[in-house]
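Report on the structure given below.
All ligand and atom numbering here is 1-based and tracks the order in the structure.
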Amino acid sequence: MAQTLAVIGTGYVGLVSGVCFAEHGNTVWCMDVDQDKIERLRRGESPIYEPGLEPLLQRNLHEGRLIFTEDLRQAIHHATVVFLCLPTPPDQDGSADIHYVLDTARAIAEIVAHDGIDRLRILVNRSTVPVGTTEQVQTLVRQVAPSADIRVASNPEFMSEGNAVQQTLNPDRVVVGSSDPDVITVLRELYQPFVDDYDRPLLVMDDKSAEVTKYAANAFLALRISFMNELSRYCESVGADIELVRTGISLDPRIGRTYLHPGIGFGGSCLPKDIRALVRSAHQVGMSLQLVEATANINAEQLHRFVERIRHRFGGSLARRRFAVWGLAFKPNTDDVRESPAHKLISALLADGATITAYDPEAMDTTRRVLGDRIEYARDMYSALDGADALIVATEWAEFRMPDWDNIKSRLQENVIFDGRNLWHPNMMQVLGFEYHSIGRRSVFPGV
Ligand code: UGA
């Protein structure tokens with residue numbers, strides 16, 4: 001049966017979750033403190049670029065199943081389940097700061113206690129939070145509203161940007177962290193249209209295991225990438241080709257094909273932050289998670305090493321050099337630039353005196369907000385190349401894969417490409433007459 005829900009926080013997780021719950025017939029009140037965002041959402045405009053999100057947002061808004069508000073009291077008033085989809089930014093020491101989660105849970109409990117709302121039963125945390133947070137929130141809510149019967153559960157999300165709508169509507173699994181039969185029954189019913197007992201199940205576990213599952217998933221994905229990045233350096237040293245090695249191992253079903261792409265490192269708002277928080281959380285119980293720490297270190301070195309290769313190619317200094325950078329988003333199909341390897345690369349090149357002209361299909365505005373006029377912004381991918389000493393590829397957007405090579409050559413000063421995402425084959429680049437440097441493969445030079 002369709003339910004009335006509230007989603008607190010309309011960032012990536014909250015907005016996509018809210019829209020997808022509405023798509024399955026629920027009435028969803030979405031609340032955010034950002035008034036501009038709420039006004040845009042009321043007009044049916046998505047504040048983020050996420051494929052497939054805007055049409056679903058508009059349809060459910062039109063059908064009256066999605067309601068946006070800045071008022072927490074209004075948002076939770078009719079809801080039986082409230083999802084907390086709030087930021088958990090890193091503290092100075094890398095720990096996840098959960099004060100938004102705690103403050104909001106307290107505010108909800110105060111409203112429930114004051115207004116005597118008895119409909120509200122379940123508070124579900126969907127953000128990535130350190131182990132023990134569900135328990136902490138439960139204790140807090142009991143203290144603030146002792147006579148209200150609010151049960152707290154964990155339900156981490158596993159969606160990845162660029163594919164978030166599809167992954168939310170068809171999740172690999174839904175993890176519910178709760179030992180309370182009533183909570184489990186309600187969440188099972190809510191997720192019933194999203195899951196399938198055989199290959200996309202809803203897994204019920206205790207709240208701590210659910211919280212750790214989220215960190216474990218992101219750390220393991222990051223670990224695979226760092227493994228390949230470390231191996232790519234080894235391949236460069238011994239004359240092997242990391243892409244052939246990748247294919248060679250990925251056909252083993254025990255290894256699989258995903259998260260094995262070498263590059264200039266992983267970025268985004270989740271993987272880097274979550275592995276730092278996991279490391280920190282282990283330190284707090286007197287442990288060090290050595291593989292996770294190595295994963296973070298290899299990731300930082302990978303970018304540094306790429307910059308060193310560029311610097312070395314240009315005689316040890318980048319002063320007065322001009323580069324075209326293709327790609328600014330932390331990965332394709334998003335305008336998100338949080339912890340983007342492209343931004344880190346650009347900052348390192350600028351610090352060494354280089355001038356940058358950049359192009360990205362979606363992340364120009366988000367980059368402008370961060371880098372302002374420290375770089376130049378091109379109209380299209382080709383005009384970024386005008387007068388540049390080299391092209392640097394930082395994000396693997398599909399539209400970069402089959403470029404007009406003659407157009408590229410006519411604009412670059414020298415036919416030099418540094419490819420941080422292995423978009424092309426070295427042999428092909430040599431035939432085309434480029435000096436081509438990529439990740440974990442031999443560099444090629446025209447006519448050699
Ligand atoms: C990640 C996880 O993939 C999601 O499952 C999780 O729910 C989400 O974090 C979260 O915690 O909210 P996301 O940050 O959107 O999702 O990005 P990914 O697609 O995982 O990519 C992360 C980074 O790894 C990107 O910079 C990407 O370029 C890089 N990457 C990915 C590689 O360098 N190589 C690969 O083979 C795959």
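- Near Leu260, the atoms of ligand 1 lying under 4.0 angstrom from a non-hydrogen atom of the residue are 36 (O).
- Residue-to-ligand polar distances keep Thr128 apart from ligand 1: every N/O pair is separated by 3.5 Å or more.
- If you look at Phe445 and His437, their ring centroids are closer than 6.0 Å.
- Ranking the protein heavy atoms by distance from atom 12 (O) of ligand 1 puts Glu157 OE2, 2.8 Å first.
- Under the 4.0 angstrom criterion for non-hydrogen atoms, Gly268 is not in contact with ligand 1.
- Comparing heavy-atom distances from atom 18 (P) of ligand 1 across Tyr12, Tyr259, Phe330 singles out Tyr259 as nearest.
- Here the shortest heavy-atom pairing between Gly440 and Glu236 reads N-OE2, 2.7 Å.
- In terms of polar-atom proximity, defined here as any N/O pair under 3.5 Å, Phe266 makes no such contact with ligand 1.
- Checked against the 6.0 Å centroid criterion, the rings of Phe220 and Tyr215 do not qualify as a close aromatic pair.
- Nearest-heavy-atom check against atom 32 (C) of ligand 1 across Asp336, Val13, Ile225 picks out Ile225.
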Worked verdict on Phe434 versus Trp424 for ring pair (Phe, Tyr, Trp, His ring centres under 6.0 Å): CA-CA 11 Å; Phe434 284 96; Trp424 305 296; 8.2 Å; no
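- Checked for salt-bridge contact, Glu243 and Arg246 meet the test: a charged N lies under 4.0 Å from a carboxylate O.
- For atom 16 (O) of ligand 1, the nearest protein heavy atom (residue, atom name, distance) is Ser160 CB, 3.3 Å.
- Atom-to-atom distance recorded for Asn422:CG and Ile439:CD1 is 6.0 Å, nearest 0.5 angstrom.
- Scanning the protein for heavy atoms near atom 6 (C) of ligand 1, the closest one is Met159 O, 3.3 Å.
- Ligand 1 is never approached by Glu339 to a heavy-atom distance shorter than 4.0 Å.
- Here the heavy atom of the protein found nearest to atom 5 (O) of ligand 1 is Phe158 O, 3.0 Å.
- Both the sub-6.0 Å distance and the 45° axial angle are not jointly satisfied by Arg200 relative to the ring of Phe194.
- For atom 36 (O) of ligand 1, the closest non-hydrogen atom of the protein is His261 N, 2.8 Å.
- Residues Leu202 and Leu187 approach most closely at CD1-O, 4.1 Å, considering heavy atoms.
- Here's the thing with Cys270: none of its N/O atoms is less than 3.5 angstrom from an N/O atom of ligand 1.
- Looking at atom 1 (C) of ligand 1, its nearest protein heavy atom turns out to be Leu271 CD1, 3.5 Å.
- At a heavy-atom cutoff of 4.0 Å, ligand 1 is contacted by the side chain of Leu221 but not by its backbone.
- Ring orientation note: the planes of Phe83 and Tyr191 are nearly perpendicular, at an angle over 60° on the 30°/60° scale.
- For atom 2 (C) of ligand 1, the nearest non-hydrogen atom of the protein is Asn218 OD1, 3.5 Å.
- Counting only residues at least two apart or in different chains, ring pair (Phe, Tyr, Trp, His ring centres under 6.0 Å) contacts with residues 257-302 are absent.
- Looking at atom 13 (P) of ligand 1, its nearest protein heavy atom turns out to be Lys331 NZ, 3.8 Å.
- At least one heavy atom of Gly267 sits closer than 4.0 Å to an atom of ligand 1.
- Contact annotation for Arg421 and ligand 1: only side-chain heavy atoms (C-beta onward) come within less than 4.0 Å of the ligand.
- Residue Glu161 has at least one N or O atom closer than 3.5 Å to an N or O atom of ligand 1.
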Donor-acceptor list for residues 23-31 side chains, cut-off 3.5 Å, not counting sequence neighbours:
residue	atom	partner	partner atom	Å
Glu23	OE1	Arg59	NH2	3.1
Glu23	OE1	Asn60	ND2	2.9
Glu23	OE2	Arg59	NH2	2.4
Asn26	OD1	Gln3	N	2.8
Asn26	ND2	Phe21	O	2.9

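- With a 6.0 Å cutoff to the six-membered ring centre and a 45° limit on the axis angle, Arg309 does not count as a cation-pi contact of Phe418.
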